[in-house]
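Report on the structure given below.
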Amino acid sequence: MNEHRLIAEELQRQLGHWVGAAQCFLDAEEFASRHAWESLEQSIGVSVRTQLARTVEQLLENGRTTAAAVRASRMDPAALADAQSAVQQFRRRYVQVETTLDFFGQAVNTRTSAHLRTALQFLDSVAYSSIEQVLRPLGLPVPPVLTYLGEGLGASILRVGIRLWAPGAVNPVAAVKIVRHNLYRPTSLFHETGHQVAHLAGWNPVLADALGATLADDPALRAMWQPWSSEIAADVYAFVLTGFASVAALHDVVGDERTLFRWPLGDPHPIGWLRTLLGCAMCRHAYGPGPWDRLERAVLTTYPPSRAEATTAPLLLRSHRRMDAIAAACLDTKVPGFRDRPVTALVDPQQVSPASLAALERTAGASLWTSPHWRGTEGIRLIALAGLREAENPERAGEWISRARTWMTGQRSVAA
């Protein structure tokens, strides 16, 4: 056998392996269980399955084209180099498609038990509602949302419409990771849906300009705060939807003494110390005095700015003195994408004030935590209420988490 035929046959063998492995992608249960796929609402499941099926078919079509090139190279030595390149390209594309399918398969497969399926279905619903109530009145498309359980301390989002790992594949859903410690206090979910809303409505650059105008007399502060606008917008969105619950939950994530003052180069997240104080200032701006004042005092007492690096401490002090003005800019700035209204005109934070949430408790009574009606109509405010009560009553935090777990998963009620 001549040398080029030997190489061509080896290419054919290699390609046969990768194409054979790719054919397994046609079965969605290679990546997640049937029950997990069935737990998705049709609007989510169809979008995901359609995109994944299209991606796999494109990969297999590429495999057929590559196979034809390899066969031709057996008879034409001049075609051998192109065939070798095509096989390597198919191998790389296979890995990209596998990465895409693994991501969605692992996300869907976190619905490993009946109660987790119920909880994540509920989070799919409230996440969609949190986006819909702003985007639909603006005439903007409302993307389906897929929530999944992930590792770590903080949530994240893979926004709808961004390019996926596989060539030509576009994310069909807003995929939001919820971490385990916040599964039953999921205010971070609305930080992530805030990213989706801010992107589609063009909020981030407007907020950056507002922060710049507020801090125009202090160039160093302006230069520090403006690059944080995208994460601040998401924090604002979580706040208007869930009030103080979002601020307390955020501090639990960023309040590590080793990281609270950290300011990595290029990090879009504000310094944790400032994020917490901004949340308290937004509560004060919207509601007046309240339990957020206690949180602010605790942060200032436990973590005085003098503990920060010498170059950062003066910026923290000056920011703290301007915090009420920064909060006002965040909540009151009119956004063209919101039809020249502030975010509070679209999502009223008064709906999750302590007084409004207490009124909801009185109106609903004991059925608030057991009735499917309240779960379906007031899901976001229930998250806000449970988070508020946990923050106000730290000695009973475990009971409130248990209560949230029972109504989110549909299990037997546990009195708090």
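Since we're looking at a predicted model, the values are computed, not measured.
- The main-chain N or O of Ile162 is never found under 3.5 Å from a side-chain atom of Asn171 such that the two would form a donor-acceptor pair.
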Step-by-step salt bridge (charged side-chain N to carboxylate O under 4.0 Å, His left out) determination, Glu98 to Arg92: CA-CA 10 Å; Glu98 183 185 81; Arg92 289 191 293 271; over 6 Å; no
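- Thr100 places a side-chain N or O within 3.5 Å of a backbone atom of Gln96 that can act as its donor or acceptor partner.
- With Arg185 as the fixed residue, the side chain to side chain contact (heavy atoms under 4.5 Å, CB included) test singles out one of Ile383, Asp252, Thr242, Ile401: Asp252.
- With hydrogens and angles disregarded, a donor-acceptor distance shorter than 3.5 Å links the side chain of Ser353 to the backbone of Ser356.
- Under a 3.5 Å cut-off, the side chain of Asp124 and the backbone N or O of Thr147 do form a donor-acceptor pair.
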Run the ring-ring contact (aromatic ring centres under 6.0 Å, His included) check on Trp18 and Tyr94 step by step: do they pass? CA-CA 7 Å; Trp18 294 111; Tyr94 169 93; 5.1 Å; yes
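- A cation-pi arrangement is present between Arg49 and Trp37 under the rule of less than 6.0 angstrom and at most 45 degrees off the ring axis.
- By the ring-ring contact (aromatic ring centres under 6.0 Å, His included) test, Phe31 is found to be paired with Phe25, residues two or more places apart in sequence or in another chain being considered.
- The ring-ring contact (aromatic ring centres under 6.0 Å, His included) test applied to Tyr303 returns no partner, not counting sequence neighbours.
- Side chain of Ser129 to backbone of Val126: no donor-acceptor contact under 3.5 angstrom is found.
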Evaluate the criterion salt bridge (charged side-chain N to carboxylate O under 4.0 Å, His left out) for residue pair Glu361 and Arg389; output intermediate values, then yes/no. CA-CA 11 Å; Glu361 280 184 305; Arg389 294 291 179 254; 2.5 Å; yes
Side chain to side chain donor-acceptor pair (under 3.5 Å), that's the test. Do Glu29 and Ser33 meet it? Break it down for me. CA-CA 5 Å; Glu29 289 189 46; Ser33 71; over 6 Å; no
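- Counting only residues at least two apart or in different chains, side-chain hydrogen bond (donor to acceptor under 3.5 Å, both in side chains) contacts with residues 329-350 comprise His285-Asp332.
- With hydrogens and angles disregarded, no donor-acceptor distance shorter than 3.5 Å links the side chain of His269 to the backbone of Glu231.
- Residues passing the ring-ring contact (aromatic ring centres under 6.0 Å, His included) test with Phe338 are Trp203, sequence neighbours excluded.
- Listed for the Ser130 side chain is a donor-acceptor partner under 3.5 Å among the backbone atoms of Ala127.
- The salt bridge (charged side-chain N to carboxylate O under 4.0 Å, His left out) test with Asp217 singles out one residue from Arg318, Arg222, Arg322, and that residue is Arg322.
- The nearest pair of heavy atoms linking Trp225 to Leu211 is O-CD1, 3.8 Å.
- Remark: Gln351 engages no residue in a side chain to side chain donor-acceptor pair (under 3.5 Å) (not counting sequence neighbours).
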Begin from the C-alpha positions of Glu378 and Arg381 and carry the test salt bridge (charged side-chain N to carboxylate O under 4.0 Å, His left out) through to its verdict. CA-CA 5 Å; Glu378 296 286 4; Arg381 291 216 292 165; 2.9 Å; yes
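- Every residue meeting the side chain to side chain donor-acceptor pair (under 3.5 Å) condition with Glu132, not counting sequence neighbours, appears here in chain and number order: Arg136.
- Using modelled atom types, no side-chain atom of Asn393 and backbone atom of Arg396 make a donor-acceptor pair closer than 3.5 Å.
- For the residue pair Trp374 and Leu382, the shortest heavy atom distance occurs at O-CD1, 3.6 Å.
- What you find for Ser230 and Asn204 is that their closest heavy atoms are CA-OD1, 3.4 Å.
- With hydrogens and angles ignored, the 3.5 Å screen pairs a side-chain donor or acceptor of Thr406 with a backbone N or O of Arg403.
- Salt bridge Arg64/Glu57: present, at least one basic N to carboxylate O contact under 4.0 Å.
- Looking only at distances, no side-chain donor or acceptor of Glu296 sits under 3.5 Å from a matching main-chain atom of Cys280.
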